[in-house]
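A short write-up of the structure that comes next.
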Amino acid sequence: MIARTPLSAPPQGRHPEPMGDELADLRGIIMHVIEETARHAGHLDIARELLDGRTGLGPR
């Protein structure tokens with residue numbers, strides 16, 4: 001669906017306020033999904049590090 005839909009296409013439904021005005025086109029929706037995914041992945045990284053101090057950085 002994303003490949004055949006212009007990024008400027010408006011959503012067919014509306015998100016309740018306050019996000020309703022921010023999600024005005026497919027580009028905004030995709031950016032919101034990317035931001036939320038990154039945010040929650042970051043939360044998981046923090047929780048993982050708090051468990052035993054391992055960060056996933058350095059030699060594997």
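- Looking at every heavy atom in both residues, Pro11 comes nearest to Ala24 through CD-O, 3.4 Å.
- Scored by the side chain to side chain donor-acceptor pair (under 3.5 Å) test, Gln12 finds no partners at all (sequence neighbours excluded).
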For this session: Decide side chain to side chain contact (heavy atoms under 4.5 Å, CB included) for Ile29 and His32; before the verdict, give the C-alpha distance in whole Å, the side-chain angles of both, and the deciding distance to 0.1 Å.
Result: CA-CA 5 Å; Ile29 293 168; His32 178 69; 5.7 Å; no
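- Looking at residues two or more places apart in sequence or on another chain, you find no side-chain contact (heavy atoms from CB on, under 4.5 Å) involving Pro10.
- Other cluster members for Leu50: Ile46, joined by side-chain heavy-atom distances under 4.5 Å among Ile, Leu, Val, Met, Phe, Trp and Tyr.
- In this structure Arg27 satisfies the side chain to side chain donor-acceptor pair (under 3.5 Å) test with no other residue, sequence neighbours excluded.
- For Ile30, the side-chain contact (heavy atoms from CB on, under 4.5 Å) partners are Ile2, Leu7, Leu26, Ile34, not counting sequence neighbours.
- Under the side chain to side chain donor-acceptor pair (under 3.5 Å) criterion, Arg39 pairs with Glu36, not counting sequence neighbours.
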